[in-house]
Amino acid sequence: MTNTPDLPGSIDPSMPATIMRSRPAKPAASAEQGAAPGSGDLTDELLNTDQWTDAMIQRAGIPVADIPFVSIGGGIGSFVTVDYLRIAGVPANRMHVLSNLDFPWQTYEYLTRVSQIPRPERIRSDSASRPDNIWGFPSYALTEAFKEGNWAELWHVFAEPMWADFYTPKAGRVFEGLEREAKRIGWHQMLVKGQVRMVRKRQGGGYFIILTPKAGATPTKRVAYRAEYVHLAVGYPGLRYLKELQDFRTKHQDYHHVVSAYEEHEHIYEAARTKPVTVMLRGGGIVASRVLQRIMDDREKYGTQTQIVHLFRTFIDGPHSPNEKTLRAWNKRSGSNGFAYQGFNYPKSVWGGQLKAEMRKLEGEARLTRYKEMGGTNTPWRRRWQAQMGNGRREGWYHIMQATVDDMRIEGDKIVSIANTRNGKLEIPADYIIDCTGLEADIAEHRVLKDLLDHSGVGRNPYGRLDVERTFELRGTASGPGVIYASGATTLGGYFPGVDTFLGLQVAAQEICDDLARRRFCKKIGTFRSISQWIKWARNKQP
C-alpha cells in the first residue's frame, strides 16, 4: 500500500476552493447577463459563444497576455506539474499559475489542521512520496533520521507493516519541503493571484483563460490569458452534508454545535475541558479516526469526561471486501469495531504494478466495477488508537453503533438524533455533532468545471468526473495544437485510480510532462537530465 494524504478521498490535496458551509437554498439564478462592449468585462457575445476570436476579446475591452502554459488551481496539483516542467527545462517566464492561494500547500494545511493533524503530527502518506522531490530520495524517513537524529524511523520503514505501523511523515516536514522547492523553482515568479472564471477555446488554436484579479489590481475587471497549453488542478468544488445535517443547520442556523470536521471546530475541544459533554461522531474514515484520537488524547492529557457516541453507516466487524463473490480471500480488507482497516487508500500496485497496468486497459462499466472493488472508506490500523478505543469501550465512555439518522431536533440544551439501528429507532442526545463523512459536491458545482462541461466538449468518465486520456488530456477539448490537461481528484474514475494522492499527482505530472515533451514544449526527463537535476535539487540550485 502507498501514499495517500491523511485525509479522505473526498478532499483533494490541491483543492483551492474554500470549504463551503451549508446555507439556506437560494432561488435558481437567471442566465448571467453580459456587460457592455468595451467595459473590460464579459459580454453576452463571449458568454454565449463556445469558441472565441481575438476580435471578440478586443471588442469586450479585456486586456490579453500571452503565455504558453497556464496551470489553474495553484494547489499541490499545480505545484507538482510545474515542478516537473521546470525540471524538464521550461523557464519560469513561459508558465503562469492562476490561483487565489498564497502558497501551494495553503488549503491542504488548513484541512489537515482542522481535521486534527497539526504540523507536529503525521499525515497518511508513505516515506518516498514527496511532492517536493520527484525522485523520492532521500525519503522522508531518511531526512527525519538525519535532521532530527531519529534513527529509529529507518528501522520503522524496514519493519512495516509486519512489526510496526506504517511510517508516515510529519505534516510540518512536508510543508517545509514544499516551501524549499517552491523557492528553488521560482514559484512566486509564476504565480498570478485572482479567481479564474472560465476557459474557452480560441479560434485558430489554443485557449483563452479569463481571470478576475483582486479588486483594484488592474484597470479592468477581467484579464485574459492566451495559452496553447492549459492544466487544471482545481480539486473538489467543496463539501456537501448529509441531508439531516444540512436541514438542521439551515433551520436553526447552528454552525456551532453541528460541524464538519473540515471546518474550524476547536471550540468543541475547549468546551470539553470546562465541563463533561457528549460528542457524536459520524463517519468511519481517517478523519473520524483523527478526531476520535484528539478527544481520547484530551481525556488522557486534561482528564476530560467526554462521552463519545460513534455512528457508522456501514459497520465493519471482520475481514471483508466490496464484492465478496468475486474477490479471493487475500483481496479482503481487515476490519473490526466499525472500521475498515487499510494502510493507504489503494493497493500499492495501483501506482506502478499490475493494477496500474490493468486499469489502463479497462473501459466504461468494467473500469467502474474495478474501482468499486478497490474502493470504500478505510483508515489505518494503529496500535495507539486500538489501545485507546479498547479502554473507552471497557470503561463505558466510547459507544459504537451502526445507524443512520432520519431527523434531528433540539431538546433543552441537547441535540437529539433519531437514529435507525439494528434494534429499531433510538433517540440519541448529544451536546455536539462532528460530521466526518466528507461527502463531496458534484464537479458541476465548480464554476470553471461547469463552464467546461457546457462549452468545451468535455465529458464525464464512468465515475462522473472529468473524462481524461491516459496522458491526462481532457477528451473533447483539443483546440488546434492546444491541449487542456487535468489532474487530481476531478479525474477520479479515469485510467489511473490514485489521482488524489501525493504520488498520484506526481504520476499525472510525469504523464503530462512526457506528452508535452512529445509536443516539443519541454525536454524529456531522461537518465542524464534526471541525475543532473537531482544534483541541483540536492544543492538547492535552480533547475
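As the structure is a prediction and not an experimental result, all values here were calculated from the model.
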Output yes when a side-chain donor or acceptor of T369 lies under 3.5 Å from a complementary backbone atom of E365, and no otherwise.
yes
Y371 and Y463 aromatic ring geometry - parallel, tilted or perpendicular at 30°/60° bounds:
tilted
Of all the heavy-atom pairs spanning R273 and D298, show the shortest one and how long it is.
NH1-OD2, 4.1 Å
Using only atom types and a distance under 3.5 Å, with no angle test, would you say the side chain of E263 pairs donor to acceptor with the backbone of V259?
no
K450, NZ: over 12 other non-hydrogen atoms inside 6.0 angstrom
no
Less than 4.5 Å apart, any side-chain heavy atom of L452 and any of I484?
yes
Between the CD1 atom in I210 and the CZ atom in R197, the distance rounded to the nearest 0.5 Å is 9.5 Å
Any R282 side-chain heavy atom under 4.5 Å of V405 side chain:
yes
Does R422 qualify as a cation-pi partner of F315, given the criterion of NZ or CZ under 6.0 Å from the six-membered ring centre and within 45 degrees of its axis?
yes
So, for R367 and G493, which heavy atoms are closest and what is the spacing to 0.1 Å?
NH1-O, 2.7 Å
Between H455 and D50, does a side chain to side chain contact (heavy atoms under 4.5 Å, CB included) hold up when you go through it step by step?
CA-CA 5 Å; H455 295 280; D50 293 344; 2.6 Å; yes
If I compare all heavy atoms of W397 with all of E395, which pair ends up nearest, and what's the gap?
NE1-OE1, 2.7 Å
Is it true that R294 and E266 have a side-chain N and a carboxylate O under 4.0 angstrom from each other?
yes
Would a distance-only check, ignoring hydrogens and angles, find a side-chain to backbone donor-acceptor pair under 3.5 Å from R122 to T168?
yes
Can K425 and D406 be counted as an ion pair, charged N to O under 4.0 angstrom?
yes
Spell out, as yes or no, whether a donor-acceptor pair under 3.5 Å connects the side chain of R465 to the backbone of I443.
no
So do the side chains of D431 and K414 get within less than 4.5 Å of each other, counting heavy atoms only?
yes
Identify whether the distance between the nearest side-chain nitrogen and carboxylate oxygen of R470 and E363 falls below 4.0 Å.
yes
Should D467 and R460 count as side-chain neighbours, where that means a heavy-atom distance under 4.5 Å?
no
When every non-hydrogen atom of S78 is compared with those of S71, the smallest separation belongs to OG-OG, 2.8 Å
Test side-chain contact (heavy atoms from CB on, under 4.5 Å), reference I268, set V277, V279, I295, output is V279
Quick one: do E300 and R384 make a salt bridge, cutoff under 4.0 Å?
yes
Going from OH on Y495 to OG1 on T471, what distance comes out if it is rounded to the nearest 0.5 angstrom?
10.0 Å
Between W105 and F79, is the side chain to side chain contact (heavy atoms under 4.5 Å, CB included) condition met? List the steps.
CA-CA 9 Å; W105 59 96; F79 174 84; 5.9 Å; no
Nearest non-hydrogen partners of R249 and V258, listed with the distance
NH1-O, 2.6 Å
Answer whether the closest heavy-atom distance between the side chains of K243 and Y241 falls below 4.5 Å.
no
What distance do I433 atom CD1 and H265 atom NE2 have between them, rounded to the nearest 0.5 Å?
13.5 Å
Test log, rule side chain to side chain contact (heavy atoms under 4.5 Å, CB included), inputs N378 and Y341:
CA-CA 5 Å; N378 59 76; Y341 293 117; over 6 Å; no
Is Q253 reaching over with its side chain to a backbone N or O of K251, donor-acceptor style, under 3.5 angstrom?
no
Can you tell me how far NZ of K193 sits from OG of S99, rounded to the nearest 0.5 angstrom?
7.0 Å
Would you call R119 and E179 a salt bridge, using N to O less than 4.0 angstrom?
no
Lys/Arg cation over aromatic Y140: R173, 6.0 Å, 45° cone
no
Please walk me through it: do E109 and F103 pass side chain to side chain contact (heavy atoms under 4.5 Å, CB included)?
CA-CA 10 Å; E109 183 170 10; F103 44 89; 4.3 Å; yes
Say you draw a straight line from CG of L101 to OG1 of T107; how long is it, rounded to the nearest 0.5 Å?
4.5 Å
Residue from D442, D454, T490, V199 passing side-chain contact (heavy atoms from CB on, under 4.5 Å) with L449
T490
Side-chain contact, heavy-atom cut-off 4.5 Å: T304 with Y269?
no
Is the closest basic N to carboxylate O distance between E469 and R475 below 4.0 Å?
yes
Check whether the side chains of D435 and T437 place a donor and an acceptor atom closer than 3.5 Å, and report yes or no.
yes
Would a 4.5 Å heavy-atom cut-off, applied to side chains only, mark L281 and I434 as touching?
yes
If every non-hydrogen atom of T377 is compared with every non-hydrogen atom of R333, which pair is closest and at what distance?
O-NH1, 4.5 Å
Hey, is the main chain of V458 close enough, under 3.5 Å, to the side chain of S456 for a donor-acceptor pair?
yes
Can you check whether Q388 reaches D297 side chain to side chain, under 4.5 Å on heavy atoms?
yes
Working to the nearest 0.5 Å, report the span between CG of L232 and CD1 of I209.
9.0 Å
Please determine whether a side-chain nitrogen of the Lys or Arg among R447 and D451 lies less than 4.0 Å from a carboxylate oxygen of the Asp or Glu.
no
Quick check, are the ring centers of H310 and F339 under 6.0 angstrom apart?
yes
Cut-off 3.5 Å, side chains only: do W351 and T501 have a donor facing an acceptor?
yes
Does the distance from a Lys or Arg side-chain N to an Asp or Glu carboxylate O, for E121 and R382, drop under 4.0 Å?
no
